[in-house]
Asker: 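Sharing a structure below in structure tokens format, with a few things to ask.
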Amino acid sequence: MKRLALFCGVIFLPLISQAQDSGQKEKVTQTKLDSVVVESFRGGKNTPVTHSTMNIDLLKKQSPVSSVPMVLSLMPSVVASTEGGNGLGYSSIRIRGSESSRINVTLNGVALNDAESQEVFWVNIPSFTSFLQDIQVQRGVGTSTNGPAAFGASINMRTLFAAQEPYGVADFSIGSYNTYLSTVGAGTGLLKNGLSFDIRYSRNRGDGYIRNAKTDLGSLFATVGWFNGDNSLKLTYIMGDQKSGITWEGVSREQMEIDRRFNSAGSYYDKAGNLLFYQNETDNYIQHHIQTHFIHRISPKLIWSSTIHFTKGDGFYENYKNNRKFSEYNLPVQRVKGVDYSRSDVVIRQALDNNYIALNTSLSYNSEDFNSTAGVSYSYYDGDHFGKLIWSMYNNDIPENYQWYLNKGFKADLSAFARVEKSLGSRVVAFADLQYRRVDFTLGGEDKDFASLDWKGVYDFFNPKAGITLNINIANQLYASVAVGRKEPGRSDIKESIKALTAAAIKPERVIDYEAGYRLKSKKVTLSANIYFMEYKDQLVPTGKLSETGYVIKENVERSFRRGIELSTSWKPLSYLGVDANLTLSSNKILNYIWYLDQFDENWNLVSQRAVKFDKSDIAFSPAVTGMGMITLLPSKSSSISIHGKYVGKQYMDNTSNLSRSVPQYFVLGLNASKSFEVKSGRFMDVQLFIDNMLNRKYFSNGWVYSAEFLNGDAYNEEGLYPQAEINFTAKVAFRF
């Protein structure tokens, strides 16, 4: 508490002393000041990291059905997928083969990754892109930022800047699978007294592609800004409220041949043997984010900024469980009407309730030939995990909302970084970035199977980065860098190791990322090409299995690597024609991998494990080839048509390079068309049409697998695949005034 109090003092004492300064500057200056909060974490034009940026104009052209992963799906080395088959509901992203717990995600400089799982659950903040200013994706370790280290990439997002003038927006969309979306918003612009107000509300509903992929999603964004001379104070509130059908179980290949839209979640049989589905097999979560940002321009070259952030989240999964033993819930046999029942159908809720607070402060100095930033951040997470049995078919004395387990997680993360870019002459810029992190992670209580989760871990990480940029001329640039990233295991990794009695063996990860690239930027052509060598020690890679609640189960492998080349280009040969493309070729391998295959007797008792050795195997979910091509026509200044195709090569679902346990390659074609009309002076109507999977391909983009064998030699395989929607449409009408 002393450390937290000191940190609050560091952040707010200068705020109090400076808040009375006065004096208006030009509005453009205020907008620049508004953007300072996250600049220290981003790659600039001379930063030797590989990055791509999507600005607000491009974000407005994206399908309203698309979550952030789907919006970014055309970027280099990105593979995105949805569980429900279209953009609403749960979605996932992998960059260079690294899944979301290896990707650092920040919003206005604050980590969005869940402190325990290190995942980002995009469904929890619906219509995210409707209140974003831009998104920068750094591939590789990238620059230092807050939260968990980046092991594949960083996604850095900024909310809307203060508008210059008053405005209003209203968007209405309708799409396939009974999809309905709406967003309304308004802003005052920057008032004479330096204040600005912005608010946006979104509501989305849909059935989804597969059965039970239904969604009912709402989000609210509200911000109040105050700009006064060299000071900026901004309060932002974001609320996400989602109810979605459970879709993580997937569907087998055999079932997909019969009905590719089938989803077994919530299925059970009545006494007559009829297959039925529980109608409230759902995931429910509400999340509140509150951010306060203060910026003070000490001098034209020196800027101080601080942020305090609080997140409150709570929610639950509701599941129908068929023919379960009462002993699984620490309950006695139930005697009903003179009959003893040791089993019953039940409805359970597995819930969580968490609080997260983060405090960041940084000082930036920028001149013509020297840019530097130093910062400190502290975050604390407190989360409860518990389960309740809310209904039982046979019930004699079970208490209402009976709770059968409770465990807690606490995590404190303290980090400090310093970053410098220094010009060495007129063409060379040197880069250095140092970060220290200390993580205290504690688990306590019992899990749902009554296994004790009492555990504590303390990690100290030092993550240095260095590089150099050569500006050959105004259009051509070369860069090279080396970066070290270290990070701790997530809650599910630790929990599984505790139950396997191997908690002492689970290790933090390390990667050394070597990058070198070339950038060309001319009037008609932009081009980037880079090679990367990401050399890992003790990387936690997916096993192919999921936990009961959909988490990816991972394991340490001593040596592995991701190596590849990324090419990206944009060409505008004519004023009305644009061509964009990217291509990634990569090799993603584990060296000297040992796969442990479970062995069961005929009664499904686990007897032993058989070790299978591989000198070199492919890392799961890491395609060797990904690519994108897009052609955009601009018939007039107010209209555009673009056709884009995305190719994703074969992905293995575990680390054995077994073709029978893989996601086949796929190619998907889409179309976006838009037209703007000036309805009245200063008032516009935009009409957009989005067509996804134009070739009507029946493909699946993700999955999970579990393999075992019996002592008699028979093999056992269980899998869940995520089929994606066939050709589907979305139409949008937007009003701007």
Asker: Report yes if the side chains of L74 and H644 come closer than 4.5 Å at any heavy-atom pair, otherwise no.
Answerer: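 A side-chain contact exists here, since the closest heavy-atom pair is under 4.5 Å.
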
Asker: Go through the side-chain N and O atoms of S196 and T188 and say whether any donor and acceptor fall under 3.5 Å apart.
Answerer: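 S196 vs T188: no donor-acceptor pair found between side chains.
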
Asker: Does a donor on one side chain sit under 3.5 Å from an acceptor on the other, for Q136 and S52?
Answerer: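 Note: Q136 and S52 side chains miss the donor-acceptor criterion.
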
Asker: Could you state the interatomic distance from CZ (R562) to CE (M534), rounded to the nearest 0.5 Å?
Answerer: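 The CE atom of M534 is 7.5 Å from CZ of R562, to the nearest 0.5 Å.
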
Asker: Of T145, T143, N104, N156, which is the lone residue that meets side chain to side chain donor-acceptor pair (under 3.5 Å) with Q138?
Answerer: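 Checked T145, T143, N104, N156 against Q138; only one passes side chain to side chain donor-acceptor pair (under 3.5 Å): T143.
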
Asker: Quick one: does NZ or CZ of R96 land under 6.0 Å from the six-membered ring centre of Y532, within 45 degrees of the ring axis?
Answerer: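 The answer is yes; both the distance and angle limits are met.
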
Asker: With a 4.5 Å cut-off on side-chain heavy atoms, are K675 and S636 touching?
Answerer: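 A side-chain contact under 4.5 Å exists here.
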
Asker: Are a donor atom and an acceptor atom from the side chains of N46 and Q477 found within less than 3.5 Å of each other?
Answerer: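 Per modelled atom types, N46 and Q477 side chains form a pair under 3.5 Å.
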
Asker: Given N582 and M75, is the side chain to side chain contact (heavy atoms under 4.5 Å, CB included) satisfied, shown in steps?
Answerer: CA-CA 8 Å; N582 61 61; M75 280 191 171; 5.6 Å; no

Asker: So, is the end of the R697 side chain (NZ or CZ) under 6.0 Å from the ring centre of Y666 and within 45° of the ring's axis?
Answerer: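 Cation-pi check for R697 and Y666: fails.
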
Asker: Please tell me whether D216 and S244 have a donor and an acceptor in their side chains that are separated by less than 3.5 angstrom.
Answerer: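 No donor-acceptor contact under 3.5 Å links the two side chains.
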
Asker: Is there a donor in the side chain of S176 and an acceptor in the side chain of Y209, or the other way round, less than 3.5 Å apart?
Answerer: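 The answer is no; no qualifying pair exists.
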
